There are 2 protein chains.
Amino acid sequence: MATGRTHRPATRSRGIPEATVARLPLYLRALTALSERSVPTVSSEELAAAAGVNSAKLRKDFSYLGSYGTRGVGYDVEYLVYQISRELGLTQDWPVVIVGIGNLGAALANYGGFASRGFRVAALIDADPAMAGRQVAGIAVQHSDDLEKIISDNGVSIGVITTPPGVAQQVCDRLVAAGVTSILNFAPTVLSVPDGVDVRKVDLSIELQILAFHEQRKAGEEHEGTAAPAAPHHDSDEQGPDGDVPAVMPA
Amino acid sequence: MATGRTHRPATRSRGIPEATVARLPLYLRALTALSERSVPTVSSEELAAAAGVNSAKLRKDFSYLGSYGTRGVGYDVEYLVYQISRELGLTQDWPVVIVGIGNLGAALANYGGFASRGFRVAALIDADPAMAGRQVAGIAVQHSDDLEKIISDNGVSIGVITTPPGVAQQVCDRLVAAGVTSILNFAPTVLSVPDGVDVRKVDLSIELQILAFHEQRKAGEEHEGTAAPAAPHHDSDEQGPDGDVPAVMPA
DNA sequence: ATGTCTTTGTGAACGCGTGCACAAAGATGG
DNA sequence: CCATCTTTGTGCACGCGTTCACAAAGACAT
């Protein structure tokens, strides 16, 4: 995970724990791979190994969905694929808009994972007039002036923000006002949204810093010297005011 | 968040809880913004609001680092920036390699967040001979034949994998064998690594599916009809064998 | 110096998530 | 029909993370 985790605090939606929901896509991916190899059934042990989790955890996760297994045999792959897909809401079509077509936005637009599994890129939106009309991943980029109309015309409820951090909150506000209730945020900003709107963030910078922490732990542990100076040197090299950086997010 | 979270199971490194480590980058970002506005001190309440967390949680987090605040006043911004940076290991230089220079790899190479905060893109690596020598973000792409040499010559310990999922495990194995001990994985694959190697994954597809789950919950709840058919229709539209997709990850 | 006011640091309780370990259930063979 | 074997589903205990609530600590004014 990426990931960060900023959405519903501790609300368990209809008995399915949040931690379980976060693992269902993992199971689904492993099951889809088995399905493509025409494997009919799979045991919790095998599937758990494929998904990289504990088998007891997997069984408990599935128990929240219902009793879909057969003791002594395992789980029917096709049936489970369908059940999980349905539970995750992937049997319906989810139109998605991407706002901010820089390097990252373009990469996501080209991302094959959108097309499969019910997600469909309904529109690409950018504030730069020079971008409007250009084709990215076979889709014409539209200007952000038309954001509200695009959202309502397409019935979009999921938005992806890949803008510079300085404008992320404004974009978010407009998306929410237009009817979007789920946001995937790639900009390094804390978004504030009204109740009922889910935000998940993906933050490369944070992931790297967490890795660096553990890396330092692994490498260090012998030379615990170098006391802290009283006047720290403020290590960011002052690369201009925040909020007007290229297209992908700065630290 | 993002991300998913697959690294150290429950090991608390020297008393700092994993959950706290994951929030330190958030605090650091908020503090850096304050620092740029020359704000001298900040209270736990203000800083918590800026970072989007509970103030009690923030105070407890900081208490693991030591007593850096002043009662009745708050925290010294500059001092705290330094302390957190040091704790996260950001006062040293971390050379990073990116393997797989497709759309996403290129986007990350251009990502400003690398340059600041101690991270430096030491090399870009791709398996395609046609890519070798081309400049991406001002850095020459090198062929993956030289992966081991690049790692050891630059003393790289952090690797970023943005390859198609079919080759992610091989790339991972080679990175680890060459000395990399922290991996940020963007490929939708479960990587298996030996003990002592940290893996964090960022998975767009999983994040979207989690959003879809909650979105379905919000929208539904009234028409709980449409019983499950016995023979599910296997909704992925069979877009070819897994493992040979463009450059960014499929579902 | 003393009192008041603000804000930190933390003890304690609670809830969620994880993993063990086993009983129940069904398949399979004789 | 019965015995055996495999695998699920889950009760239970434990540990981590979160939050409340308050005592301790310092700033500041008088």
Side-chain angles (χ1 to χ4, degrees), chain A residues 1 3-24 26-27 31 34 39-77 79-80 83-84 210, chain B residues 1 4-24 26-27 31 39-77 79-80 83-84 210:
Chain A
M1 71 190 4
T3 104
R5 194 119 328 151
T6 314
H7 54 309
R8 201 165 299 186
T11 318
R12 167 177 303 197
S13 326
R14 220 256 307 304
I16 299 185
E18 195 54 36
T20 295
V21 173
R23 279 187 295 267
L24 290 181
L26 241 66
Y27 302 145
L31 284 164
L34 291 172
V39 177
T41 61
V42 65
S43 72
S44 65
E45 204 72 48
E46 293 166 327
L47 184 54
V53 303
N54 188 295
S55 72
K57 194 185 296 186
L58 178 142
R59 287 198 300 275
K60 186 157 291 233
D61 283 342
F62 285 176
S63 79
Y64 291 115
L65 307 183
S67 287
Y68 294 148
T70 306
R71 299 179 190 225
V73 176
Y75 299 91
D76 183 281
V77 172
Y79 188 61
L80 207 44
Q83 288 298 341
I84 295 180
I210 295 172
Chain B
M1 123 152 336
R5 193 117 330 148
T6 314
H7 53 309
R8 200 164 298 186
T11 317
R12 168 176 302 196
S13 325
R14 223 267 293 310
I16 300 186
E18 194 56 34
T20 295
V21 173
R23 279 187 295 266
L24 290 182
L26 241 66
Y27 302 144
L31 284 164
V39 177
T41 61
V42 66
S43 72
S44 65
E45 204 72 49
E46 293 166 327
L47 185 54
V53 302
N54 188 293
S55 73
K57 193 185 295 187
L58 179 142
R59 287 198 300 275
K60 183 152 291 231
D61 283 342
F62 285 176
S63 78
Y64 292 116
L65 307 182
S67 287
Y68 294 146
T70 306
R71 298 176 191 228
V73 176
Y75 299 92
D76 183 281
V77 172
Y79 187 61
L80 207 43
Q83 288 298 340
I84 295 180
I210 295 172

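Fair warning: this is a prediction, and the values are worked out from it, not measured in the lab. Chain identifiers are assigned alphabetically (A, B, ...) following the order of the sequence lines, protein sequences preceding nucleic acid strands; residue numbering begins at 1 within each chain.
No option in A/L26, A/V39, A/V77 other than A/V77 meets the side chain to side chain contact (heavy atoms under 4.5 Å, CB included) test with A/L31. When A/D76, A/L34, A/V73 are each tested for a side chain to side chain contact (heavy atoms under 4.5 Å, CB included) with A/V42, only one passes: A/L34.
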Check: protein-nucleotides 9-13 of chain D nitrogen or oxygen pairs below 3.5 Å:
residue, atom, partner, partner atom, Å
D/dG9, OP1, A/G69, N, 3.1
D/dG9, OP2, A/Y75, OH, 2.7
D/dG9, O4', A/R71, NH2, 3.0
D/dG9, N7, A/R59, NE, 2.9
D/dG9, O6, A/R59, NH2, 3.2
D/dG11, O6, A/K60, NZ, 3.4
D/dC12, N4, A/K60, NZ, 3.3

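Whole-Å rounding puts the A/L47 CG to D/dT7 P distance at 14 Å. When rounded to the nearest whole Å, the span between CD1 of A/I16 and C1' of C/dC16 equals 16 Å. In this entry the distance linking CG of B/D76 with P of C/dT7 reads 16 Å, nearest Å. Nucleotide C/dT8 holds its P atom 13 Å from the CG atom of B/N54, rounded to whole Å. To the nearest angstrom, C1' of D/dG15 lies 15 Å from CD of B/E18. Rounded to whole Å, atom P of C/dG9 lies 10 Å from atom CG of B/L65. If you measure from atom CG of B/L80 to atom P of C/dT8, you get 11 Å, rounded to the nearest angstrom. If you take NZ of A/K57 and P of C/dG17, they are 11 Å apart, rounded to a whole angstrom.
Residues passing the salt bridge (Lys or Arg N to Asp or Glu O under 4.0 Å) test with A/R59, sequence neighbours excluded: none. Contacts of B/F62 classified as ring pair (Phe, Tyr, Trp, His ring centres under 6.0 Å), with partners at least two apart in sequence or in another chain: B/Y27, B/Y75. Residues satisfying the side chain to side chain contact (heavy atoms under 4.5 Å, CB included) test with B/A48, not counting sequence neighbours, are B/V53, B/S55, B/L58. For A/A49, the side chain to side chain contact (heavy atoms under 4.5 Å, CB included) test picks out no residue, with sequence neighbours left out.
Contact annotation: B/S44 reaches the phosphate of C/dT8 (side-chain N/O to OP1 or OP2, under 4.0 Å).
Each end of the helix from C/dA1-D/dT30 to C/dG30-D/dC1 gets its own axis from five base pairs, and the two axes differ in direction by 10°, given to 10 degrees.
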Item to complete: Show your reasoning for whether side chain to side chain contact (heavy atoms under 4.5 Å, CB included) applies to A/K60 and A/T20.
Response: CA-CA 9 Å; A/K60 186 157 291 233; A/T20 295; over 6 Å; no
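Closest approach of B/P17 and B/G15 over heavy atoms only: CD-O, 3.2 Å. For the pair A/I84 and A/L65, the tightest heavy-atom approach, listed with the atom from each and the gap, is CG1-CD1, 4.1 Å.
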